[in-house]
Amino acid sequence: MAQDPLIVFTPSGRRGRFAAGTPVLQAARSLGVDIDSVCGGRGLCGRCQVRPSIGEFSKHGIVSRTKNLSGTNETEARYDAKRGLRADQRLSCQTQILGDLVIDVPRESQVHKQVVRKRAEVRAIELDPAIRLHYIVVEQPDMHNPSGDLERVMKALREQWEMEGLECDLRVLQTLQKVLREGKWKITVAVHRGQVLTTAWPGFHNRAYGVAVDVGSTTIAAHLCKLATGEIVASAGLMNPQIRFGEDLMSRVSYVMMNPGGEVELTAVVREAIDTLFQEVAKEAGIGKNDILNVTFVGNPIMHHLLLGIDPTELGVAPFALAANSGMTFWASEIELSEVNSGARVYVLPCIAGHVGADTAGVILSESPHLSEEMVLVVDVGTNAEIVLGNKDRLLACSSPTGPAFEGAQISCGQRAAPGAIERVRIDPETLEPRFKVIGSDLWSNEDGFEEETKATGVTGVCGSGIIEVLAEMFLTGIIMADGTIDGAMASRTPRVQADGRTFSYLLHAGEPELRIQQNDVRAIQLAKGALYAGARLLMDRLEIETLDRIVLAGAFGSHIDTKYAMVLGMIPDCDLSKVSSAGNAAGTGAIIALLNQRARDEIAQVIRKVEKIETAVEPRFQEHFIAAMGLPNTTEAFPHLAKAVTLPTPKERSEGAPGTGRRRRRNRS
Ligand code: FES
């Protein structure tokens, strides 16, 4: 007796024999091959497309024979006419096996396909969104066999999708009868995590989107993703409107403390801003708000609490207790977000500790130190630095009070990163003359055309990365001594070093406005970098390690900073420079991962439980490390890797002209 046809699926390599006439999709399912579907094999969604290599197996390979596959039926022809089908692809639900076949399942048709990430060193995201759409045909009501519409929907889900024990939200039930009749008993439902029916549409519906939101204290960023492909289809950002209640986080907490009910205002403005972002991304992608079915959030603990309408007062005072430190799922309407589907589900990543928030949970998901063999230090540089250290065996986290100096605040010539801000600086070691680049131009300031190109923006100030570079260059050229003092003796070598009261300053830009680096600016950065380094070193102490395999700088600032200069200043511990990288907005990426992969939510919940939280404020060695880290790059620690990459100045005695550290003076930002 002839054997049944043999089918091999690639790339999985799964194979089996099936009776002639079996649909390819059915064969795939029975072999556990992942093929996507929304319509349940009805030739509507086009998600099940495969690429067949038709033929019989012989020792010479596959012998091509078209008769091994059924021809195009009416449903497939209709789909092709309406939506278009590639010549070499077929709808697996409509195509039957007639003979031996090799069937390639293209990436787009795989259920758990991988979403490509730009950076090679990070793990891929496996697409497995929390929301899935299912098209069902529901039995009509029968007077002789009475049953509820919902019960027949559940029956259809059981029989057509093998989904058991679902719950239905009241708001879906309130619309269900209308939807069923409008769709003539054919409807599409959205199911959250295989458990809850969240939305229903009449007929076939194929659009499901989600938004990943990073609620920062300065900016809020949103990415709209197509849940079927993982593609980011639109992004938008805006300033956090809470800034008008206080520039930094603690001033917003103070606002709440001093104005009873103030948290309600802060919550309302942030939610309003998020709704605006939803409108913007939906408009950019050309979709309706009803297509947004899932939202994920990351944010620091105070942003997290305010978003959820929780008074953040407890986070402002020791012992900095969080209202909750687990990831949470809500209805979007519970937090009054209206520019999404009324059945949209919201997931907020877990906070770790009073100062280490859901943004750090996002960074962990993105950078995966918990899966690493190597000992990796992840630093999210912002107003506070969140620091994570560890590997697959142990993970530690803390936050360090760096203050906003790295972002250009507290620096006399500092400004936020914006066109016109100096972002790169080099100082000639012989002449001590600077050259720089500003945001908005690729030219160095000493190159032809610079004046012309920067005419519109001008040179307005120095942003965070520019400050790191100018200070590092000043240190490398001997203008700043290892203790952070601007060396007055250098005034004899360059007119750019000028007396400034009891201290000295370095003239970076003589135009309008005049930009000079003052002693207090150096001190502000020393304090910030000292806190950052001390936090990292404290975690290294806990793990009893002296060296690191890898360092990742996360955060918007981290992605602009030159890692070499960060190390020259001793912001981060010594490490092979080729193993120090920038991760960009890793917290936001974490929100995207949680949006596209529901199991990432369980994973981060588990990791968070195991993270050892270190409170820097109560650690006796913090102060010791902090004082050592005030030196450049560090008073007590060696930087052997750095010394191989750059020529560090030999420590010199404080010169006669330098009057010491000087009295700290407050200066306004220009
Ligand atoms: Fe939807 Fe085949 S499963 S078209």
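Only heavy atoms go into these numbers, but all of them, side chains included; no hydrogens, no water, no symmetry mates. In each ligand, atom 1 is the first atom listed, and ligand 1 is the first ligand listed.
Under 4.0 Å is where a charged nitrogen must lie from a carboxylate oxygen, and between Arg181 and Asp149 at least one such pair does. In summary, Asp34 and Arg29 do not engage in a salt bridge, as defined by a charged side-chain N under 4.0 Å from a carboxylate O. A salt bridge links Arg599 with Glu126: the closest approach of a Lys/Arg side-chain nitrogen to an acidic carboxylate oxygen falls below 4.0 angstrom.
The distance from the CE atom of Met328 to the CG atom of Leu308 is 7.5 Å, given to the nearest 0.5 Å.
Atom 1 (Fe) of ligand 1 has Cys39 SG, Cys45 SG as its protein N, O or S neighbours under 2.8 Å.
Partners of Arg271 by salt bridge (Lys or Arg N to Asp or Glu O under 4.0 Å), not counting sequence neighbours, listed by chain and number: Glu336.
A cation-pi arrangement is present between Arg601 and Tyr347, with the terminal nitrogen or guanidinium carbon under 6.0 Å from the aromatic centre and inside a 45° cone about the axis.
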